[in-house]
Amino acid sequence: FLSRLPSTRPHPNNWRPQLLLFLKEDGLAELAKELAVVRQLKAGKGLLMVLGLLEGQLETERPRAEAMEERIRDELKRADVPGFPRAIIYRKGRLGSTVSTLLQSAGLSQLRPNTIFSVWPQEWRHKHSQFWAFLDRLHRSSRQNLSLLIVKDLEKWPLTEGQTGEIHIWWILSDGGLLILLAHLLRKSPVWSKATLRIFLAVEEEEPETVKKDLDKFLYKLRVTASVEVIRLGTGELGTVGEEWGRQLVLSGKRDPQA
């Protein structure tokens, strides 16, 4: 069956995030929270691969890897998120090359990850090695033309159903509509189904009314309901703002008292 699947990329309208999540042994404590976010995003559908990374020798660390893989499997089951767990042993100093190999070989046929799910390192100012490892992973993922989904302030992510806040998209750099798709998928979750979507679009030379009309038409074709606000920047400011904000999706939720 898999051999008969087309090898070409799916049409953009049919694109969905197929997630790959890297995990080191000291990150197991945060896995439950990460899977809660994944569940909201995917509603239990699509591909999810969780790869645990262990430093050591294959000959001696196999029992430890098996225990880690079982722990990941238990967390997936507890979160009610279908996924494929695997623990990988790498030699000291070979983490970067191991990640590159996994990015190229993970999955089979069309069942391949297209998006890397990661959490912004909380102590990056103090643990420089952790931060540089994080940046290296993002760089290697980008070179493989994979999308990057980075969650900041994971501990503040709402988990209670019936949020009535807003989902803000700061669309400053063109991403083909990825942020809009992610927000649309999140709103299918009971947690965000009552939230409203607002898109802030930064322009420099274009006419705001024309740009707003084009984006409204684009949203209509996608069947996405959202309010659009166009922000006019001065000449040369778009590059500076883009470097600072990039592509951001900001979630602001509050519990519905009647839910």
Side-chain angles (χ1 to χ4, degrees), residues 8-19 37-43 45-46 113-118 120 138 141-142 144-154 156-158 161-254 256:
T8 57
R9 292 188 176 186
H11 189 275
N13 290 346
N14 299 324
W15 190 94
R16 292 295 181 272
Q18 310 284 12
L19 300 179
V37 177
V38 170
R39 178 173 173 78
Q40 292 180 21
L41 181 64
K42 298 181 69 62
K45 299 177 181 178
N114 57 25
T115 303
I116 304 301
F117 181 95
S118 186
W120 184 269
L138 298 188
S141 302
S142 179
Q144 295 296 326
N145 293 323
L146 298 172
S147 299
L148 303 173
L149 178 55
I150 305 170
V151 178
K152 195 173 182 181
D153 295 329
L154 178 66
K156 298 179 182 179
W157 189 282
E161 295 184 7
Q163 300 292 325
T164 58
E166 294 181 336
I167 299 176
H168 290 183
I169 294 178
W170 289 86
W171 200 0
I172 298 171
L173 301 176
S174 177
D175 63 358
L178 176 59
L179 286 182
I180 295 175
L181 173 61
L182 293 176
H184 177 65
L185 294 176
L186 278 174
R187 290 177 66 192
K188 292 181 176 294
S189 164
V191 177
W192 297 102
S193 59
K194 296 183 179 181
T196 56
L197 177 59
R198 295 181 67 187
I199 301 176
F200 298 88
L201 178 61
V203 298
E204 200 170 62
E205 299 179 354
E206 300 90 337
E207 287 296 328
E209 290 300 322
T210 302
V211 173
K212 184 178 184 303
K213 186 179 298 184
D214 291 341
L215 184 53
D216 285 335
K217 186 183 298 184
F218 178 65
L219 293 173
Y220 176 78
K221 291 181 179 179
L222 294 178
R223 299 181 182 179
V224 173
T225 302
S227 61
V228 177
E229 192 168 327
V230 180
I231 301 174
R232 186 71 176 266
L233 301 177
T235 303
E237 289 184 345
L238 187 59
T240 303
V241 174
E243 290 178 1
E244 181 176 354
W245 285 89
R247 308 172 181 89
Q248 293 205 23
L249 185 152
V250 182
L251 304 175
S252 174
K254 59 183 179 180
D256 184 354

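These figures come from a predicted structure and were not determined experimentally.
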Fit a plane to each ring of His168 and Phe200, take the angle between them on a 0 to 90° scale, and name the class: parallel (under 30°), tilted (30 to 60°) or perpendicular (over 60°).
perpendicular
Heavy-atom side-chain proximity of Leu149 to Leu41 below 4.5 angstrom
yes
I'd like to check Val38 versus Leu19 (side-chain heavy atoms, cut-off strictly below 4.5 Å). Are they in contact?
yes
Rounded at 0.5 Å granularity, tell me how far CD in Gln163 sits from CG in Leu186.
11.5 Å
Nearest heavy-atom pair of Gly162 and Lys194: which atoms, and what distance?
CA-CD, 4.4 Å
Do you know which two heavy atoms are closest between Leu197 and Ile167, and how far apart they sit?
CD1-O, 3.3 Å
Measure the spacing between OG1 of Thr115 and CG of Leu148 and express it to the nearest 0.5 Å.
8.5 Å
So do Leu222 and Phe218 actually touch side chain to side chain, heavy atoms under 4.5 Å?
yes
Would you sort out whether Leu201 and Ile231 count as a side-chain contact (heavy atoms from CB on, under 4.5 Å), showing the intermediate values?
CA-CA 6 Å; Leu201 178 61; Ile231 301 174; over 6 Å; no
Roughly how far apart are Trp192 CH2 and Leu185 CG, rounded to 0.5 Å?
14.5 Å
Which heavy atom of Pro158 sits nearest a heavy atom of Gln40, and at what distance?
O-NE2, 3.0 Å
So do Leu181 and Arg16 actually touch side chain to side chain, heavy atoms under 4.5 Å?
yes
Would Thr225 and Tyr220 satisfy side-chain contact (heavy atoms from CB on, under 4.5 Å), going step by step from the backbone distance to the final call?
CA-CA 8 Å; Thr225 302; Tyr220 176 78; over 6 Å; no
Side-chain touch Ser147/Leu178, heavy atoms, less than 4.5 angstrom
yes
For Ala226 against Ile199, the heavy-atom pair lying closest together
CB-CD1, 4.0 Å
Is Asn114 reaching over with its side chain to a backbone N or O of Leu146, donor-acceptor style, under 3.5 angstrom?
no
Minimum heavy-atom distance between Arg198 and Ser227, given as atom pair plus value
CG-OG, 3.1 Å
Report yes if some heavy atom in the side chain of Val151 is under 4.5 Å from a heavy atom in the side chain of Trp120; otherwise report no.
no
Apply the test side-chain contact (heavy atoms from CB on, under 4.5 Å) to residues Leu138 and Ile150: give CA-CA distance (whole Å), side-chain angles for both, the deciding distance (0.1 Å), then the verdict.
CA-CA 10 Å; Leu138 298 188; Ile150 305 170; 3.6 Å; yes
Can you see which heavy atom on Ile116 is nearest to which on Ser141, and at what distance?
CG1-OG, 3.4 Å
In Å, rounded to the nearest 0.5 Å, how long is the span from CZ of Arg39 to OG of Ser189?
8.0 Å
